[in-house]
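Read through the structure below, which is laid out as C-alpha cells, and then see the notes.
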Amino acid sequence: MHRRTALGGALTALATAAAGVLVAAAVSTAPAVAAAGGTGTGYLHTSGNKIVDSTGATVRLTGINWFGMETDNKTFHGLWSSNPWRSQLDTMARLGYNTLRIPYSNDALKPGATATGINDFVNPDLIGLSPLQILDRVIDYAGSKGMRVILDRHRPTSAGQSPLWYTSTVSEATWINDWKMLAQRYAGNTTVIGADLHNEPHAEGTNPAATGACWGCGDTARDWRLAAERAGNAILGVQPNWLIFVEGVSCPSGGLSNVWDNDPSNDEDCGWWGGNLSKAGQFPVRLNVANRLVYSPHEYATSVYRQAWFDDPSYPANMPAIWDKYWGYLYKQNIAPIMMGEFGTTLQDPKDKIWLQNLMAYTGTGVNGMSFTYWSWNPNSGDTGGIANDDWTTINQPKQDILTPYLIPPTGGGTTSPSPTGTPNTSPPPTTPPPPVTGGCTATYKQINSWSGGFQGELTVKNTGTAAVNPWSATWTWPSGVTLASGWNATVTQSGTTVTAAAPAWASSLAPGASVTVGFTANGTAATPGGVKLNGTAC
C-alpha cells in the first residue's frame, strides 16, 4: 500500500450474473480433514488449496497489517500514541485478527538503523531498541496471544515502493540475504510462519517497451515468477518450515496497457499492483520444498482507484468473475491456497461497502475460507484509513462489522483490552478459586507513566514459596474511581475495586522463585495497587 496510483486495464469480456444483484458467492471447498481453532499448532504448510498445521488441521489466517517499519520511522506507526503497543495488539487479537502482516524496508534491517516516532512515556520498554529488537518484542507478544506473523518486504528503501524487487541501490543479493537473515533470526519460532517476498511488483514503461515486473516472460531481470523462485528457494534452504507468500503483478507483460499509452494494439488486461495472478496457472512458482507456496493477491476499492469494473452496469454481479480470473481460480481449481495480503477501503463511497461485503462473501465463511490480512490497523493509511481510529485505541465499527463474521480469533494467551468504544472491560474474575500458595509471595510496583485522567504501571509478583503455583492469579484493589483500561502478560479484569490478573494459557505456572510482571493502563488518579495477593495469599 502507501500508495500507488492504481492501474486501470481494459477488461476482457467476462460472464456475469444479472445486473444489480448483490453477490454472495462463497468459494466452494471440500470438507477439511480436521478444523483448527485459532491458528493451529506448530509450523504451517499447504495441502491443495488449504493451509494446514502440523497435525493436518485446516487453518484460516484472518489477519491485519500493522505498517510503519517500511517508512522513515523504521518501526510500527502508532507507537507515538497514548495507547501502549501491547494494548494495541490486545485489541487486534480480541477483535479476531489471528495473524499480523508486518511490512518492512531493507533500510530498517541495516546495522545502526534507528527507530523513531516512539512515545517513551507510554512505551518505556522500547527505549533504545533497534527496529529489529522492537520487531522481536512484537513477535514475542503476538505469539503469546496465539497470533501468527507474516513478514512482508514492502520496500527496498524507506523512500518508496519499487516495480521490481531490486533497485540501483538495493540489489537482488541484498534482498535475498536479508531474507535469509530474518529466516535464521526466527528459526524455531513458530509464531513467524513465512515470507511475503516483495510487495506489489508492477508495470513500468509502456507496451511493448516494458521495464517493470512481468510474469512468465522469461526475462530474469523482470520475470517476477522466476525471482520469487530464487528468493523462495534461498529462504527454504535456511528455514524449510516457512510458507512462501508470492504476490501477483499488475500487467503480465510488465508494461502499462493502452489505458495509459492510448495504443489499442498493445491492449493488455491489467489489475491492481500485486493483484494479477492470471498467469500463475500457466507459469507456476516452483519451490524446492513441497507444500510451501501460498499466492497472495492484493485487492482494493474505489478509494484507491476507480477501476472500470466499479462502473459496470452489472456491478457488483460482475465482481466474482473478475476475482476468479485474476486469482480466485487458483483456489477454486485446488492449485494453491490464497492469502489476500491487502485489501481495504475508506467506505466513503457506497460502492465500497458493497465491494467489501461481496469480497468477504467470495472468500467463504469458516475455517475453509480463503485467508486474508486486512489493510490496515493504521488509521494513517491515506487512501483506506484503518480499523483503528485516529486515537489508535477506538475502532472503526462499520468496517469491523463487515469483517467480524469472517474472523477466527487466535487461541492461546490473552489479555483484556479496551472495548471498541474505549470503555474498560470490567468482567468479573473467575468464580473458581485458584489453588493456594505453599509459602509466600512478594509484590513490587512501578509507575511507568501518568497523564491527565490516567496512568500506566507494572506490578511484579514473585512466588517465594517452595512449590509452583499453577495456575497463578494475582489480585489487588484500587481506590474508588480508578478503572482498568488495558492489561498485558495476564488476563486482567476488574470487578468493583478489585482487579484480577489471571495466568494466561501460555504461562500458567509460576515456579518457586519465579516472578511475573503484569502491565496495565488505568483511568483515574494514579494509585498504587493495594492488598496484593497471589492465589489468596497476601504478599
Side-chain angles (χ1 to χ4, degrees), residues 36-43 53-55 84 86-87 89-90 93-94 125 136-148 186 188-191 409-417 425 427-446 448 456-478 484 486-495 497-522 528-539:
T39 49
T41 302
Y43 281 111
D53 73 358
S54 59
T55 71
R86 287 186 182 89
S87 180
L89 281 169
D90 290 345
R94 177 180 54 79
D125 53 333
D136 292 343
R137 295 282 181 96
V138 169
I139 287 172
D140 285 348
Y141 190 66
S144 76
K145 305 189 73 61
M147 299 175 76
R148 302 288 193 154
Y186 299 113
N189 184 342
T190 57
T191 297
T411 55
T415 63
T416 298
S417 303
N425 184 324
S427 303
T431 55
T432 303
V437 177
T438 304
C441 56
T442 60
T444 55
Y445 175 67
K446 180 181 180 182
I448 302 300
Q456 177 185 354
E458 292 182 347
L459 177 67
T460 300
V461 179
K462 182 177 182 179
N463 177 13
T464 59
T466 57
V469 184
N470 189 9
W472 61 266
S473 178
T475 59
W476 68 87
T477 59
W478 271 331
L484 178 70
S486 66
W488 50 91
N489 291 344
T491 301
V492 188
T493 58
Q494 182 174 357
S495 179
T497 59
T498 300
V499 182
T500 299
W506 52 272
S508 62
S509 181
L510 193 60
S515 61
V516 60
T517 298
V518 178
F520 57 80
T521 58
T528 300
V532 179
K533 297 179 180 179
L534 177 63
N535 288 35
T537 297
C539 299

### Query
Would you say Thr464's side chain and Gly440's backbone share a donor-acceptor pair under 3.5 angstrom?
yes
### Sequence-distant partners of Asp136, salt bridge (Lys or Arg N to Asp or Glu O under 4.0 Å), two or more places apart
Arg185
### Query
Nearest 0.5 Å, what's the OH-OG1 distance between Tyr43 and Thr190?
6.0 Å
### Task
Could you pull out all residues at least two apart from Ser515 that satisfy side-chain contact (heavy atoms from CB on, under 4.5 Å)?
Thr460, Lys462
### Distance-only side-chain donor-acceptor flag, Thr41 / Ser54, under 3.5 Å
no
### Task
Return yes if some donor-acceptor pair links the side-chain N/O of Thr39 with the main-chain N/O of Gly146 below 3.5 Å, else return no.
yes
### Query
For Thr475, which residues count as a side-chain hydrogen bond (donor to acceptor under 3.5 Å, both in side chains) partner, sequence neighbours excluded?
none
### Task
Verify, without hydrogens or angle tests, whether Asn463 (side chain) and Gly513 (backbone) share a donor-acceptor contact under 3.5 angstrom.
no
### Message
Restricting to side-chain contact (heavy atoms from CB on, under 4.5 Å), what partner residues turn up for Thr497, sequence neighbours left out?
### Response
none
#### Entry: All side-chain contact (heavy atoms from CB on, under 4.5 Å) counterparts of Ala511, not counting sequence neighbours
Ala514
### Message
Checking Asp125 now: which residues fulfil side-chain contact (heavy atoms from CB on, under 4.5 Å) with it, not counting sequence neighbours?
### Response
Trp85, Arg86, Asn123, Arg137
### Message
Closer than 3.5 angstrom, by distance alone: can the side chain of Thr477 be matched with the main-chain N or O of Gly530 as a donor-acceptor pair?
### Response
yes
